[in-house]
Student: 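My questions will all concern the structure given below.
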Amino acid sequence: MKINNFFVIAGLCTASLTTITSCKKESFDDVYRDPSKVTSTSVEKQFSGLQYTFRELTIPTYRNYFVTLAPTIHRYTQIIGWANSENQLNPGAAAITDRWEKYYQGLAQFRELEKIYNAAPELEKADKKIFFLAAKIFFYDQTQQQVDLHGDIPWSEAGRLSTNGGDYTVSYPKYDAAEDIYKTMLDDLKAISADLNSLTIPTAVVNSFKTQDLINSGSLDLWKKYCNSLRLRMLTRVNKSSSFASRSNQEIAEIINNPTTNPIVLKNDDNIQVDIFNNASDIHSRDFLDALESWNNNIASKKMIDHMVSNGDPRLPFMFEPGAGANGVFIGLDQSLPSANQTTLISGTPANPSTIAIYNRSTYSRNQNFPGILFTASEVQYLIAEFKNNSGNTAGAKENFETGIKESIDLQKRLRAISNNSLVAAAPAPSDLEIQNYITKIGWGTNNIQLIATQKWLHFNIIQSTQNWAEVRRLDYPTFTFRVESSDLQKTVPVKWFLPQSEQAYNLANYNTVKDKDNVNTKIFWDVN
């Protein structure tokens with residue numbers, strides 16, 4: 001089959017990206033040297049192409065961290081510190097446009113996979129079903145994040161220019177309601193979960209799937225866990241929405257009470273992530289350094305540092321390093337200070353270096369093996385803890401909550417252990433006693449949901465920023481104080497992002513159906529607190 005190359009026009013995603021030849025993680029750079037010259041495709045190639053296209057929203061990349069996250073979500077959740085500036089709570093157009101375009105490029109890749117798969121002979125579709133099911137799971141993960149950022153988006157009709165034979169006049173996509181997109185995905189993920197349980201991958205396809213699968217290296221078991229963990233996340237996200245509450249409670253109970261039928265990620269060995277096998281290839285985290293360290297982006301927030309220091313958090317030396325002039329003391333930047341004072345604290349002088357802590361460079365920004373993390377055991381444990389707590393099983397919730405903390409500490413150790421940078425000496429592994437002392441200090445029994453919310457915030461930090469902001473909005477915790485000037489146009493933290501200007505320029509008729517909700521102060525349907 002031959003395909004054409006198009007581009008994504010604004011946010012319409014009316015195009016499909018070209019595809020690739022078969023690949024291994026170790027040799028991805030060879031595969032992607034010149035994708036514009038690739039003209040043939042297959043289900044397998046489109047599957048790898050989907051994962052590759054979404055790489056910038058999965059692994060730490062410069063534009064996603066520096067252009068999109070640093071001036072928006074990282075500030076809204078105070079997982080970094082920064083020098084206050086005018087209109088700092090108003091999301092910039094570049095941040096929104098960049099994320100929008102990256103998502104719709106991936107959506108276009110999925111639509112091409114969908115078209116090719118649906119057109120294949122029935123026997124081939126049966127043999128290669130695992131590629132399509134796995135692609136849907138990953139695509140739905142990315143879609144949930146996009147919906148959580150914007151609310152209503154073009155979706156069901158987006159990316160169909162190729163399917164529509166190149167006819168632009170019928171390819172401008174309508175907007176789907178955020179609630180409807182969630183329902184469609186939840187319905188399909190439930191069906192996918194059942195399909196995966198009855199699926200046997202043909203021997204002839206096993207090696208191909210293992211080679212093309214950049215996320216789970218061909219493990220059917222991990223794709224099952226990814227699917228059900230994503231269901232658990234989404235069902236929890238919509239739990240307080242009146243149209244989902246009953247379904248949410250029922251299906252969450254089914255998932256956590258039937259681990260054989262609905263396996264989920266419960267330990268770090270099963271985390272869903274894109275590993276870096278060759279940091280010299282196109283799948284790499286080399287850009288993490290400039291993304292985090294350029295223009296004073298690597299600054300620790302007082303909110304996070306104070307909490308970790310006061311409670312003796314064992315993750316502290318893995319996540320952060322003290323300022324050069326702090327004599328080993330961890331100090332975060334106070335966001336209540338005037339910008340001039342903050343700038344002085346951040347910059348320091350040769351004689352008096354900055355005392356402000358930063359994210360540990362050997363664990364994070366200079367760790368060229370830093371993986372693209374999609375799902376961790378800690379997140380799942382916290383989701384279960386929240387459900388059990390709300391169901392009255394506080395003892396069971398406590399067990400999952402504490403397991404979540406232990407897995408989060410272990411994850412930080414693992415991230416440091418795979419680093420190829422030793423600028424900062426690796427901290428000694430915390431003892432069981434130190435971990436238990438921290439858990440005891442955190443406590444349990446009062447304001448349990450706030451305890452869970454805080455641990456999610458610490459665990460996600462800058463690793464899973466969009467999930468962090470979604471959970472902070474949903475649970476309304478932790479709470480933050482911002483310095484606001486009388487001249488600021490936006491005086492409160494946004495509850496979602498606006499749509500990019502390109503939608504008005506290229507998709508106006510459809511945009512007009514949602515324009516009344518296109519502002520940063522209109523909550524998404526699941527944000528009901």
Side-chain angles (χ1 to χ4, degrees), residues 60 64-92 95 148-149 291-293 295-311 313 315-316 319-323 326 330-339 341-343 345-346 354-360 364-365 382 408 412 442 447 449-485 488 490-497 520 527 529:
N64 190 36
Y65 265 76
F66 185 80
V67 177
T68 298
L69 299 174
T72 58
I73 293 174
H74 288 179
R75 295 184 178 185
Y76 304 159
T77 55
Q78 290 193 11
I79 50 180
I80 64 167
W82 72 96
N84 290 312
S85 60
E86 186 178 3
N87 287 317
Q88 62 184 355
L89 297 180
N90 197 40
D148 290 350
L149 291 171
L292 191 59
E293 296 184 30
W295 293 88
N296 290 325
N297 270 326
N298 190 7
I299 305 167
S301 76
K302 178 177 173 59
K303 180 84 174 182
M304 185 168 280
I305 290 293
D306 284 359
H307 180 89
M308 298 183 83
V309 169
S310 63
N311 291 288
D313 194 324
R315 290 166 292 195
L316 182 62
M319 288 177 59
F320 294 100
E321 56 180 287
F330 290 89
I331 302 169
L333 185 67
D334 188 345
Q335 289 308 135
S336 69
L337 295 175
S339 178
N341 299 62
Q342 291 176 313
T343 300
L345 286 170
I346 293 168
S354 174
T355 60
I356 302 301
I358 59 177
Y359 274 94
N360 189 306
Y364 284 77
S365 56
Y382 295 143
S408 183
Q412 287 297 322
I442 291 297
N447 299 322
I449 297 301
Q450 291 184 1
L451 292 176
I452 295 171
T454 300
Q455 288 302 317
K456 284 186 177 183
W457 174 66
L458 292 166
H459 176 72
F460 285 140
N461 58 79
I462 60 171
I463 299 174
Q464 290 178 273
S465 307
T466 57
Q467 297 302 334
N468 210 341
W469 189 33
E471 289 299 86
V472 167
R473 284 177 287 161
R474 181 178 71 88
L475 297 171
D476 287 330
Y477 206 82
T479 58
F480 311 101
T481 301
F482 295 86
R483 189 178 181 89
V484 179
E485 305 298 337
D488 287 353
Q490 181 68 28
K491 294 181 170 57
T492 58
V493 174
V495 293
K496 69 176 179 66
W497 282 351
V520 299
D527 189 2
N529 287 339

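Atom set for the values below is all heavy atoms of this structure, side chains included, hydrogens, waters and symmetry mates excluded. One is the number of the first residue; the rest follow in order along the sequence.
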Student: Kindly indicate whether the side chain of Asn311, heavy atoms from C-beta on, has any atom under 4.5 Å from the side chain of Ile442.
Tutor: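 Of all side-chain heavy-atom pairs linking Ile442 with Asn311, at least one is under 4.5 Å.
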Student: Determine whether a donor-acceptor pair (N or O, by modelled atom type, separation under 3.5 Å) exists between the side chain of Arg473 and the backbone of Asp148.
Tutor: yes
Student: Do Gln490 and Thr492 have side-chain atoms, one donor and one acceptor, less than 3.5 Å apart?
Tutor: yes
Student: For Ile356 and Gly332, work out which heavy atoms get closest and say how close.
Tutor: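 Here Ile356 and Gly332 meet closest at CD1-O, 4.0 Å.
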Student: Output yes when a side-chain donor or acceptor of Gln88 lies under 3.5 Å from a complementary backbone atom of Arg483, and no otherwise.
Tutor: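 Between the backbone of Arg483 and the side chain of Gln88 there is a qualifying donor-acceptor contact (under 3.5 Å).
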Student: If I compare all heavy atoms of Asn297 with all of Ala70, which pair ends up nearest, and what's the gap?
Tutor: OD1-CB, 3.6 Å
Student: Run Arg315 and Phe320 through side-chain contact (heavy atoms from CB on, under 4.5 Å) and show every step you take.
Tutor: CA-CA 8 Å; Arg315 290 166 292 195; Phe320 294 100; over 6 Å; no
Student: Without swapping roles, check the side chain of Tyr359 against the backbone of Ile80 for a donor-acceptor pair under 3.5 Å.
Tutor: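 No, Tyr359 side chain to Ile80 backbone: no donor-acceptor pair under 3.5 Å.
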Student: Report the C-alpha distance between Ile346 and Ile299 in whole Å, list the side-chain angles of each, state the deciding distance to 0.1 Å, and finish with yes or no for side-chain contact (heavy atoms from CB on, under 4.5 Å).
Tutor: CA-CA 8 Å; Ile346 293 168; Ile299 305 167; 3.5 Å; yes
Student: Okay, side chain of Trp457, backbone of Thr77: is any donor-acceptor separation there less than 3.5 Å?
Tutor: yes
Student: Any side-chain to backbone donor/acceptor pair from Gln450 onto Tyr477? Under 3.5 Å, distance only.
Tutor: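 Answer holds: no.
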Student: Does Phe482 have any ring pair (Phe, Tyr, Trp, His ring centres under 6.0 Å) partners at least two apart in sequence or in another chain, and if so, which?
Tutor: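 Residues passing ring pair (Phe, Tyr, Trp, His ring centres under 6.0 Å) with Phe482: none at all.
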Student: Check Phe330 against Val309 and note the closest heavy-atom contact, atom names and distance.
Tutor: CB-CG2, 3.9 Å
Student: When rounded to the nearest 0.5 angstrom, what distance separates OG in Ser85 from CD in Gln342?
Tutor: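 One finds 9.5 Å between OG of Ser85 and CD of Gln342.
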Student: Can you tell me if Gln335 uses its side chain to pair, donor with acceptor, with the backbone of Gly81 under 3.5 Å?
Tutor: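 The answer is no, because no donor-acceptor pair under 3.5 Å joins these two groups.
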Student: Taking C-beta and beyond as the side chain, do Ile73 and Trp497 meet within less than 4.5 Å on heavy atoms?
Tutor: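 With C-beta onward as the side chain, the pair touches.
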Student: Please work out which of the three classes, parallel, tilted or perpendicular, describes the rings of His459 and Tyr382, given edges at 30° and 60°.
Tutor: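 Perpendicular: the ring planes of Tyr382 and His459 meet at over 60°.
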Student: Got a donor-acceptor contact below 3.5 angstrom from the Asn461 side chain to the Leu458 backbone?
Tutor: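 Side chain of Asn461 to backbone of Leu458, a donor-acceptor pair under 3.5 Å: yes, one is there.
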Student: Checking Asn529 side chain against Arg474 main chain: does a donor-acceptor pair fall under 3.5 Å?
Tutor: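 Pair found, side chain donor or acceptor close to backbone of Arg474.
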Student: If you round to the nearest 0.5 Å, how far is CG of Asn447 from CD1 of Ile452?
Tutor: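 The CD1 atom of Ile452 sits 11.5 Å away from the CG atom of Asn447.
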Student: Taking side chain as C-beta onward, heavy atoms only, is Trp82 less than 4.5 Å from Pro71?
Tutor: no
Student: Where do Phe66 and Ala291 come nearest, in terms of heavy atoms and distance?
Tutor: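 Between these two residues, the closest heavy atoms are CD1-O, 3.8 Å.
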Student: Does the side chain of Leu292 reach to within under 4.5 Å of the side chain of Ile462, using non-hydrogen atoms?
Tutor: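 Contact flag for Leu292/Ile462 side chains = yes.
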Student: Nearest heavy-atom pair of Phe480 and Val472: which atoms, and what distance?
Tutor: CE1-CG1, 3.9 Å
Student: With rounding to the nearest 0.5 angstrom, report the CE to CE distance, Met308 to Met319.
Tutor: 4.5 Å
Student: Rounded to the nearest 0.5 Å, how far apart are NE2 of His74 and CG of Leu69?
Tutor: 4.5 Å
Student: Name all residues meeting the side chain to side chain contact (heavy atoms under 4.5 Å, CB included) criterion together with Thr343; count only those two or more places apart in sequence or in a different chain, and write none if there are none.
Tutor: Ala83, Ser339, Ser347
Student: Ignoring hydrogens, what is the shortest heavy-atom contact between Asp476 and Thr479? Give both atom names and the distance.
Tutor: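 That closest heavy-atom pairing would be O-CG2, 3.7 Å.
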Student: When rounded to the nearest 0.5 angstrom, what distance separates CD1 in Ile449 from OG1 in Thr454?
Tutor: 11.0 Å
Student: Please tell me if the side chains of Ile331 and Ile305 come closer than 4.5 Å, counting only heavy atoms from C-beta onward.
Tutor: no
Student: Could you check Leu316, Ile463, Asn360, Asp313 and say which one makes a side-chain contact (heavy atoms from CB on, under 4.5 Å) with Gln412?
Tutor: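 The side-chain contact (heavy atoms from CB on, under 4.5 Å) with Gln412 is passed solely by Ile463 among Leu316, Ile463, Asn360, Asp313.
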Student: Please list all pairs meeting side-chain hydrogen bond (donor to acceptor under 3.5 Å, both in side chains) that have one or both residues in residues 298-309, counting only residues at least two apart or in different chains.
Tutor: Lys302-Asp306
Student: Show, in sequence, the C-alpha distance, side-chain angles and deciding distance for Lys496 and Val520, and conclude whether the side-chain contact (heavy atoms from CB on, under 4.5 Å) test is met.
Tutor: CA-CA 5 Å; Lys496 69 176 179 66; Val520 299; 5.6 Å; no
